[in-house]
There are 4 protein chains.
Amino acid sequence: MWFRVNPRLPTPIYQQVVDGFKEAIVKGFVKQGDRIPSVRELATLMTLNHNTVAKAYQQLEREHVFEIIQGRGTFVAEFKPPSDSDRDRRLAKIVEMMQQIYIEGHYVQLSEDDLMSLFRETIRKWETGGKDV
Amino acid sequence: MWFRVNPRLPTPIYQQVVDGFKEAIVKGFVKQGDRIPSVRELATLMTLNHNTVAKAYQQLEREHVFEIIQGRGTFVAEFKPPSDSDRDRRLAKIVEMMQQIYIEGHYVQLSEDDLMSLFRETIRKWETGGKDV
Amino acid sequence: MWFRVNPRLPTPIYQQVVDGFKEAIVKGFVKQGDRIPSVRELATLMTLNHNTVAKAYQQLEREHVFEIIQGRGTFVAEFKPPSDSDRDRRLAKIVEMMQQIYIEGHYVQLSEDDLMSLFRETIRKWETGGKDV
Amino acid sequence: MWFRVNPRLPTPIYQQVVDGFKEAIVKGFVKQGDRIPSVRELATLMTLNHNTVAKAYQQLEREHVFEIIQGRGTFVAEFKPPSDSDRDRRLAKIVEMMQQIYIEGHYVQLSEDDLMSLFRETIRKWETGGKDV
DNA sequence: GTGGTCTAGACCACC
DNA sequence: GTGGTCTAGACCACC
């Protein structure tokens, strides 16, 4: 698989699957139109319950990341620019995380510029690099 | 109070209290050595369950943000450079959030540079601005 | 063909075929007594699984829209006033959809009158217009 | 309860619960800010599994019909005008149902005007009347 | 084969 | 008390 899941984290497993696929797509491991393992296949591969995987796939479909075709399988959707409300919701989420970063940064004595460099570096490493930074 | 709490948000209330205090400290509303209202005081002031407040205070103490001195009260801890393990934990958290930002950014078509600008702007606004950006 | 089918929609394909034929008949593209392609012909023409097409034809026959004459082929049935039970079933379906419309309308703030106008307009456009409104 | 559920219908149970609540709200049986029975309560009352009820509540929250407050309960959300994309999606659904009605109407020999009258009548009866028309 | 639903029952976080 | 998640296993519709 393109990612791993850790049941001991507080993040729900199905959410980790959702995040894992988004990451795999951004990194280019999976591409538009690609067929995704079936719900049951992935469940077996990752030793998860099929309901958990199905929940993740359904959420990814709601987010327009996957396209589920009944009786045929699940595919990576073609990219569509998000609706305004979708965009707003995502931007708000991003801004909130940026504030959190700034606050956490304060406690490890990272200045704004330090954080900017770390950000650049993180993206670099991560785009080229492996699954886990 | 220096912050507000919204029970309708999915973020747990105790977490909002934790974040609220950290934010107040970074913004300078509360300073090192300042006395913080007791659990029961704050619970009354903000009409929260005192268990919820207690949980927040415990977490803030665990993170060395608060210092609880038995019989005297709760204070904002003096700043100490974090232990290595603390620092590592916080850095890991920051890096993870940065990755999330990059992924979310992908879906609203924000490039690395767009994100950098947004980051700078967010911090600017937030530092000068009020509690809610 | 007189209609198209989209496997990406949540509506089952066989149902889309059923709806497509009904629509074609109401619009007059196909008339009473017209011969309809055989299951296998249509399956080839539209690149569908023949089981899917067969299921649609069976349902259309059950609803007295098609008439399958053994050894001769499938035809658009001549119009017969429906039996009482048929009529009741269809009316119940119609009433239920009308309620659904009213409820959905509520959430987009459409009044009864708005819905009536929309209904009139929809029929107008649809009767004159093409396959997809 | 304000509605009943029929496990033998093809419509999934959780969807029937969703529709049932929307109907109850439009009819005014339940009002903005009202507390809804807890997931487990409703499950017991209607002899359903709590997972099924939870799924319905979650969908209603996604549609901004319910508001779920962690640890406190579930409430009828205040009405907010939908986003443009939400509105478009709902309108498309309405238009599609109207076309279906027109087609079905054809088979019971109901003219456009007949359908209009039936629509008016349906809403009248249903708004004043009981749970099942 | 594909995904979707449902029940039963356990466990958890939050207030 | 509240809702959320997860597994196990059954059953179903669709292609």
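Here the structure is a predicted model, which means the values were calculated and not measured. Letters A, B, ... mirror the listed sequences (proteins, then strands); counts begin at 1.
Taking the charged nitrogens against the carboxylate oxygens, C:Glu96 and C:Arg90 have no contact shorter than 4.0 Å, which rules out a salt bridge. No salt bridge links B:Lys22 with B:Asp19; every basic N to acidic carboxylate O contact stays at or beyond 4.0 Å. With respect to C:Asp86 and C:Arg89, a salt bridge is recorded, a charged nitrogen being found less than 4.0 Å from a carboxylate O.
Of the possible donor and acceptor atoms, one in the side chain of A:Gln16 sits under 3.5 Å from a partner among the backbone N and O of A:Asn6. Judged by distance alone, with hydrogens and angles left aside, the side-chain atoms of C:Gln100 form no donor-acceptor pair with the main-chain N or O of C:Met97 at under 3.5 Å. Looking only at distances, no side-chain donor or acceptor of D:Glu23 sits under 3.5 Å from a matching main-chain atom of D:Gly20.
Nucleic acid contact for D:Ile69: none, since no nucleic acid atom lies under 4.0 Å from a heavy atom of the residue.
With a heavy-atom cut-off of 4.0 Å to chain D, the contacted part of DNA chain E has its first and last nucleotide at E:dT5 to E:dC15.
Residues A:Glu41 and D:Ile13 each lie close to DNA chain E; by heavy-atom proximity, the contact nearer the 5' end of the strand is made by A:Glu41. Toward the 5' end of DNA chain E, the nearer of the two residues D:Leu48 and D:Arg40, judged by each one's closest nucleotide, is D:Leu48. Toward the 5' end of DNA chain F, the nearer of the two residues A:Thr47 and C:Asn49, judged by each one's closest nucleotide, is A:Thr47.
Screening residues 50-59 of chain D for side chain to side chain donor-acceptor pair (under 3.5 Å), with sequence neighbours left out, gives D:Asn49-D:Asn51, D:Gln59-D:Glu63.
Within a heavy-atom distance below 4.0 Å of DNA chain E, the residues of residues 50-57 of chain D found are D:His50, D:Asn51, D:Thr52, D:Lys55.
When both pairing distances are held under 3.5 Å, F:dC14 makes a Watson-Crick or G-U pair with E:dG1.
For A:Phe29 and A:Phe3, the ring centers are positioned 6.0 Å apart or more.
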